[in-house]
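This report refers to the structure that appears directly beneath it.
Proteins come first, then strands; the chains are lettered A, B, ... in the order of their sequence lines, and each starts at number 1. Reckoned from all heavy atoms, side chains included, excluding hydrogens, waters and symmetry mates.
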There are 2 protein chains.
Amino acid sequence: MAEIQSLARGLKILNLLEHARNGMGTTEVANQLSIDKSSASRLLHTLANYGFVEQDEDTSRYSLGPQLVTLGQHLLNRITLRDHARPYLHELVDKTGECAHLAIQAQKQTLYIDQVESTAALRVESEIGTLSPLHCTALGKVMLAFGDCRLPDEFKTFTHRTVTDRSTLEAQLAQTELRGYAIDDEEYNYGVRCVAAPVYDHRGALVGAIGISGPAGRVTLERIDEFGTVVKDTAQALSARLGFDAKLRSSSSQGE
Amino acid sequence: MAEIQSLARGLKILNLLEHARNGMGTTEVANQLSIDKSSASRLLHTLANYGFVEQDEDTSRYSLGPQLVTLGQHLLNRITLRDHARPYLHELVDKTGECAHLAIQAQKQTLYIDQVESTAALRVESEIGTLSPLHCTALGKVMLAFGDCRLPDEFKTFTHRTVTDRSTLEAQLAQTELRGYAIDDEEYNYGVRCVAAPVYDHRGALVGAIGISGPAGRVTLERIDEFGTVVKDTAQALSARLGFDAKLRSSSSQGE
DNA sequence: AACAAACATTGCATTATATGCAACATGAGT
DNA sequence: ACTCATGTTGCATATAATGCAATGTTTGTT
């Protein structure tokens, strides 16, 4: 099905503005999209009418508008998993001393929907709202190993440790399933190691993943199983809280 | 300047989906917008391509998509005022026992960008991302009294206490300016009373407002000045933290 | 102060896109 | 098996969107 070009252009403008710290002028937008500046002006005016962008009165530059906060926050607030998971994220921080995150699958990627920060000076933060790849993040590998989504078609490289070979990744995911938790061993960010485990609902469907991230110097390979067990146990407690009965689940979801 | 119709329709779809708890089907969207269902289908498909909506694989229904969370959260996270204000919101909760909020002006309304909840069982929450009117909320009246925006053209009624007469509102705003804090006396929500005060930056520009909200039974008229003084003092401390020098500001922003 | 350059907006004729209609495929209910 | 509703797709047509040129405004240079 073909796209609606005008709508697509408007949405592209929003994505451009995400990366424009000081907003963008009409001509900049036109140049980036390779369209006439009069077209850009009309697209921006329409986005502004509905509050999706705002135009600075002094400089005429456009920035992302409040309607995105309203819709985005509204969507976030209706994910009940966030409320249920929050205490467990705090528990993860308490037990591991590292930052804890909650993610769901969206857009064939991993969407971070909550985090609890640790008190450590050196810490790993993942901004809520961030979309990350599936194949090289701990939370993403949980979706692949325990959920029903397919492997992506391509595996982008982020560090020299990123696995981009399909059969190697599949073997890793098989190991993940056996262990009951996933590992990101500096595959997405240098110096950062993460562990994550699946969260199921009362019907046994994967609804998200929780995990911790820390500097590789603290989340060492020697301690990875210790961290992994804590994360797995906490995820299981959260799943139980959501009405998941582990006995009814096939043994493939158990890490024993 | 005329709007771009296709883009406007796409954005209207997003606004419709905000209120659709279980998503909407293609035909529902078409009916709501009075357009053909083939047009609705193409608009929704385009929105889905860019992640602004998601289509449920089983039911074909559309819902708001993760890109809105990404963009909205990105925008929210870049408002440095939130980080600076957070400790002061906690201070307000500690001192008053009520929920504290931070808002900025956006779209000729008041946009809530942060809140700290009190521990009281009965409390007033304002969802982050919410847009509220200027003329009948405490935070909104702060924008009108201490900022440079004009009065709205119309004053919608929310409770029987909502002020809708322009000269009465102007007199109220003059009082607000003298007092140094604004009051919402059940004008926006029945049973809820709020107090708010202005936050200035180092250049003396109004950048936001902080305030508290509570049940009218606790935030009584007898105690309103006590609450007002606490909020005003906290807002002044935050302004000072942002580099605002109260001595350089005209006396109109001082509440004495 | 005058001038040039860049930017943003607007009018308008033309072009390309978006549209609605009809047909088709699919699923649900009887 | 049949009917109805929904969603998608092909296609001809109508309309909106487009780009060009002109205009107005602001900024920077001389």
Next on the checklist: Measure CD1/A:Ile4 against P/D:dT18 and give the value in whole Å, please.
Outcome noted: 12 Å

Next on the checklist: Under 3.5 Å, is there any donor-acceptor pair linking the side chain of B:Arg42 to the base of C:dG20?
Outcome noted: yes

Checklist entry - Contact class for A:Thr26 (heavy atom, under 4.0 Å): base, sugar-phosphate, or nothing? => result sugar-phosphate

Checklist entry - Rounded to the nearest Å, what distance is computed from the CG atom of residue B:Asn31 to the C1' atom of nucleotide D:dA5? => result 12 Å

Item to check | Length of the CG-P vector between A:Asp36 and C:dA16, whole Å | outcome: 15 Å

Item to check | Nucleic acid contacts of residues 5-17 of chain A, taken as heavy-atom distances under 4.0 Å to DNA chain C | outcome: A:Gln5, A:Ser6

Checklist entry - For B:Asp58 and D:dT6, what is the distance between atoms CG and P respectively, to the nearest whole Å? => result 18 Å

Checklist entry - Would you call A:Arg61 and A:Glu28 a salt bridge, using N to O less than 4.0 angstrom? => result yes

Checklist entry - Any idea how B:Phe158 and B:Tyr188 line up, ring-wise: parallel (<30°), tilted (30 to 60°), or perpendicular (>60°)? => result perpendicular

Checklist entry - Do B:Lys141 and B:Asp184 sit within salt-bridge range, that is, some charged N less than 4.0 Å from a carboxylate O? => result no

Item to check | A:Leu139 CG to A:Met143 CE distance, which is reported to the nearest 0.5 Å | outcome: 6.0 Å

Next on the checklist: Heavy-atom nearest nucleotide on DNA chain C for B:Ile35 versus A:Gly25: which residue maps closer to 5'?
Outcome noted: A:Gly25

Next on the checklist: How long is the straight-line distance from CZ of A:Arg9 back to OG1 of A:Thr46, given to the nearest 0.5 Å?
Outcome noted: 13.0 Å

Checklist entry - Rounded to whole angstroms, how far apart are CG on B:Leu43 and P on D:dG7? => result 14 Å

Checklist entry - Any side-chain N or O of B:Gln55 less than 4.0 Å from the OP1 or OP2 oxygen of D:dT6? => result no

Checklist entry - For A:Ser38 and C:dT9, is the shortest distance between a side-chain N/O and OP1 or OP2 below 4.0 Å? => result no

Checklist outcome for this item: note: A:Lys37, atom NZ; D:dG19, atom C1'; distance rounded to Å ~ 11 Å

Checklist entry - With a 6.0 Å cut-off on ring centres, are A:His135 and A:Phe155 close enough? => result yes

Checklist entry - In whole Å, what is the span from the CG atom of A:Leu47 to the P atom of C:dA8? => result 15 Å

Next on the checklist: Distance alone, cut at 3.5 Å: any donor-acceptor contact between the side chains of B:Gln73 and A:Tyr112?
Outcome noted: no

Checklist entry - Is any side-chain N or O of B:Ser39 closer than 4.0 Å to OP1 or OP2 of C:dA18? => result no

Checklist outcome for this item: When rounded to whole Å, the NE2 to C1' distance for the pair A:His45 and C:dT10 reads 12 Å

